[in-house]
Amino acid sequence: MITGTVQRFCGNHKRFLGISIGVILVAVLLVYSTVTLSVADLAGGSGGMIAEYRWDPDHRPVGRSIPFLASFEGNYALKINKYLEAYVELTGQQGAVNDLDLRDGMTLTAVFQASKQWPMKAALISQWGFMPGEAVYELGLTPERRVYFQVSGSGCFDRGVTELVSDESIELESPTVVTATFEPGRLALYINGRFSGEVTSGVGDSLFDSDRPVRLLERFEGILGGVWFHDRAMSEAEAVSWSVEVAGILPANAPYAQWESLGRNLVVSEPTYLGTTAGMRLYKEIDISEYGGGYLCLGDLDNDGQVDYLLYKNGSSYTVPGRLIALNHEGERMWEAGDSSLMAHANVGSAAVGEPGTTPALRGIVTIYDIDEDGRSEVITELWENNRPMLYILDGETGAVECRAESPINMSIRQPLTSLNRQPSRSHPVIRIAYLQGRDNPPSIILKYGASSGIPCHAFALDSSLNVLWHIAGGRNSMGHVPTVADIDGDGCDEIVLGHMLADNDGTVLWDRGLDFSWHADTTAVAELVPGEGKQILISVCGVGPLYCLSRDGEIIWQKTREEIAHGQAVWVGNFIADSPGLEVIALASGHVGSFVTCRGSDGTTLARFEHRKLMPAYPDFPAVVNWQGGDVQSLWIPQDRVLVDGRGEIVAELGDMDEYVQSKLHCGTSWRPVGAQAFAVDLCGDSRDELVLYEPYGGDSIFIFTQPDSDAAEKPYVHQVNTYNIRSYF
């Protein structure tokens with residue numbers, strides 16, 4: 001519920017003439033990014049202002065995917081970057097009170113200052129979706145920094161839509177007032193009080209009436225001072241006068257970097273879904289509070305047929321593991337390696353060489369695998385030694401060194417002199433196991449290094465004695481974060497999807513789409529999405545989107561638009577909708593939190609969209625595909641929400657009465673940025689379904705294993721599974 005100030009406007013909108021006449025409770029208004037809200041008295045059809053949104057220390061932004069409140073010399077505004085979307089839902093007012101009935105005419109105004117424009121449209125005010133019945137209107141910036149205004153009379157984004165693009169571009173780092181008007185038969189735009197274009201052809205008589213939420217600041221980067229909604233189209237004289245009225249809200253000569261961020265409210269609502277399904281059954285809890293969290297690897301370290309746990313903390317400024325702790329199936333310590341005094345991950349990135357970094361470390365190079373095929377597990381890892389990263393193969397049961405060599409990802413790669421001698425931001429060293437010579441020959445080790453577009457990427461293949469087989473040097477964007485290993489061409493040997501490029505088993509780069517896709521790939525996936533056509537490759541592009549489905553030859557089979565997938569943080573494949581034929585693809589479409597899109601795997605058709613349930617920001621969210629129900633139907637674990645969902649976002653299973661306890665032990669949402677309940681899906685008990693292994697890498701006090709309520713929880717011999725050694729996350 002939100003309280004609003006009621007004001008009356010007489011005649012025109014050149015100036016606020018009303019006075020406060022009280023405070024009312026505005027029913028059914030859900031605001032996800034807040035607000036000083038003014039609601040006009042619409043009696044008599046005066047067509048006054050419906051709502052005003054402003055922010056200050058007494059009206060901080062709250063809700064989901066929260067922007068920062070920022071200040072500059074006594075002025076307040078929202079400070080937004082591309083990772084933070086502000087959701088404002090106003091459509092709850094439609095209906096009896098009819099306060100937001102904008103169908104027959106409207107004026108939208110935004111006072112803002114853009115700091116950067118990505119190669120995609122950036123919305124300021126949006127009631128726009130990509131499903132039938134969701135498209136209404138949107139006001140924002142084109143990649144050329146021109147203002148666009150779209151309206152729909154059909155509710156479908158691909159028909160019945162009229163778009164107006166301004167005659168002029170806006171200036172970066174300069175306060176801008178944009179006013180857009182719609183009336184039957186006409187759209188018009190005004191920038192800083194100047195007429196900047198109109199459309200009178202093809203404009204319908206009314207807007208489509210939709211229940212889709214109104215959002216602010218989707219894909220926008222900059223400063224937002226205020227937003228206004230009027231329920232009539234202003235005349236040109238009124239629009240010019242109104243622009244003058246609100247122009248001073250943002251001060252001149254106040255670039256983005258000089259706005260001081262005052263922080264964000266972390267709002268965690270009581271979950272409303274608890275009790276909707278039978279709660280999961282707790283099978284095992286491993287107490288790791290002595291170690292205060294850590295990244296988790298799974299495998300049978302002592303070869304007794306049970307799953308064991310390897311915890312590790314990154315101890316150098318270059319995401320090199322510094323302390324390894326091997327625990328058996330019951331959580332008893334088996335051995336340690338590295339610096340036993342290390343109790344927290346070292347920070348990485350954005351600091352001078354030798355200085356502490358500024359960002360908590362991400363996953364480094366650690367995995368468990370029988371790399372020499374002697375029937376016993378090894379740990380393959382890096383350790384920091386004499387100011388350089390060393391690569392080790394350790395005996396899984398004892399931790400004894402079997403082999404060591406200087407890591408090919410040496411300091412000339414991690415800290416190239418061309419990087420102005422600073423630590424790279426958010427480095428991503430990744431390890432994979434691949435059968436480059438087929439399953440009849442020993443496996444190989446794949447190492448990849450990248451740093452969020454900051455420095456050139458590299459990939460190496462090594463044999464079980466740590467000899468380098470091949471090396472690929474890429475560009476800053478070419479290899480992404482989370483590579484995929486698969487036999488794509490059916491020759492029995494694995495290929496490696498390294499972001500935008502595909503590498504053959506011998507290290508030959510078969511193709512590289514980096515120039516076409518413009519930025520790095522956050523995640524990739526491989527599956528037979530088009531029946532009978534072999535395997536296809538999914539590439540989900542960071543920051544600028546969208547999502548591509550490629551053939552093994554690198555040709556685009558289908559793709560989503562950048563408006564649909566604005567920031568393709570991650571992508572998963574499975575049979576998520578039981579009554580829909582074939583496989584589905586779920587993408588986290590809006591960056592690290594927010595909107596999920598479910599597509600038909602064969603052609604990319606959007607089948608459903610759903611949102612995070614918990615009102616907390618995340619950075620980022622790496623769900624896991626889980627065979628929870630058995631058969632050929634999969635679910636998706638959502639770390640922030642701590643639920644399993646199907647492809648429509650409907651809850652399949654939840655933690656039930658254990659939810660609060662898991663939250664208290666994993667500290668989900670309270671550590672860095674924050675990170676939710678990360679998961680491995682592993683078949684551990686006596687049936688064909690997966691169990692969930694939950695952890696939190698920065699402050700978790702426990703490892704949890706959950707099984708189905710009807711499971712007999714009977715253990716069976718542990719079988720190493722690809723999602724446990726080729727981990728699809730950097731958390």
Side-chain angles (χ1 to χ4, degrees), residues 33 53 65 67 77-88 106-130 135-152 157 161-182 187-199 214-229 239 243 246-247 249-250 252 254-256 259 518-519 541 543-546 561-567 589-591 594:
S33 169
Y53 290 85
S65 203
L78 298 186
K79 187 175 184 179
I80 316 297
N81 64 42
K82 66 186 177 66
Y83 298 113
L84 296 173
E85 296 172 289
Y87 298 145
V88 182
M106 67 175 176
T107 300
L108 305 180
T109 305
V111 177
F112 67 96
Q113 179 173 300
S115 63
K116 187 173 186 178
Q117 179 62 35
W118 300 90
M120 60 195 299
K121 285 182 175 178
L124 293 163
I125 306 172
S126 180
Q127 190 181 12
W128 197 261
F130 293 90
V136 185
Y137 57 81
E138 186 166 278
L139 174 67
L141 300 177
T142 71
E144 299 75 32
R145 301 199 313 274
R146 295 181 183 272
V147 178
Y148 72 89
F149 183 36
Q150 293 176 325
V151 298
S152 171
F157 73 95
V161 172
T162 304
E163 181 178 72
L164 168 61
V165 178
S166 67
D167 297 334
E168 60 183 294
S169 299
I170 64 111
E171 295 183 17
L172 293 179
E173 300 287 23
S174 178
T176 304
V177 180
V178 167
T179 301
T181 66
F182 160 76
L187 304 179
L189 282 170
Y190 306 88
I191 299 178
N192 293 329
R194 298 186 301 273
F195 175 77
S196 192
E198 67 176 4
V199 170
V214 178
R215 293 177 174 176
L216 303 184
L217 304 170
E218 198 164 12
R219 306 178 297 276
F220 174 75
E221 184 151 340
I223 303 294
L224 181 72
V227 172
W228 293 262
F229 296 79
S243 296
V246 299
I249 287 173
L250 290 182
Y256 182 87
W259 285 82
S518 76
W519 221 27
V541 180
V544 300
T561 68
R562 281 175 167 162
E563 285 72 28
E564 291 175 287
I565 309 289
H567 176 166
S590 57

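The only member of Val199, Leu108, Leu164, Leu187 that meets side-chain contact (heavy atoms from CB on, under 4.5 Å) when paired with Phe182 is Leu187.
Across all their heavy atoms, Ser243 and Asn192 have their closest contact at CB-C, 4.4 Å. Closest approach of Ile170 to Ala114, counting heavy atoms only: CD1-CB, 3.9 Å. The shortest heavy-atom contact between Leu124 and Ala110 is CD1-CB, 4.3 Å. Heavy atoms only, all atoms of each residue included: Gly222 and Tyr256 are closest at O-CE1, 3.5 Å. Of all heavy-atom pairs spanning Ala252 and Pro175, the tightest one is CA-CG, 4.0 Å.
Separating the CD1 atom in Ile125 from the CZ atom in Phe220 is a distance of 11.5 Å, to the nearest 0.5 Å. Distance check: Ser166 OG to Tyr190 OH gives 13.5 Å after rounding to the nearest 0.5 Å. Once rounded to the nearest 0.5 Å, the distance linking CD1 of Ile223 with CG of Leu217 reads 10.0 Å. Taken to the nearest 0.5 Å, the OH atom of Tyr148 stands 11.5 Å off from the CG atom of Leu189. Interatomic distance, Arg146 CZ to Gln117 CD, rounded to the nearest 0.5 Å: 12.5 Å. Atom CZ of Phe130 sits about 4.5 Å away from atom OG1 of Thr561, to the nearest 0.5 Å.
Considering only heavy atoms from C-beta on, Phe229 stays 4.5 Å or farther from Met106 through its side chain. Proximity of Gln150 to Lys121: side-chain heavy atoms (C-beta onward) are separated by under 4.5 Å at one or more points. Using a 4.5 Å cut-off on side-chain heavy atoms (C-beta onward), Leu141 and Phe112 make contact. Side-chain contact between Glu563 and Trp128 is absent, with no heavy-atom pair separated by less than 4.5 Å.
Of the possible polar contacts, none joining the Arg145 side chain to the Glu171 backbone as a donor-acceptor pair under 3.5 Å is found. Put simply, the side chain of Gln113 gets close to the backbone of Ala254: a donor and an acceptor are under 3.5 Å apart. In this structure, Ser169 contributes its side chain and Glu144 its backbone to a donor-acceptor pair below 3.5 Å.
With sequence neighbours excluded, the residues that form a side-chain contact (heavy atoms from CB on, under 4.5 Å) with Glu168 are Ile191, Arg194, Ser196.
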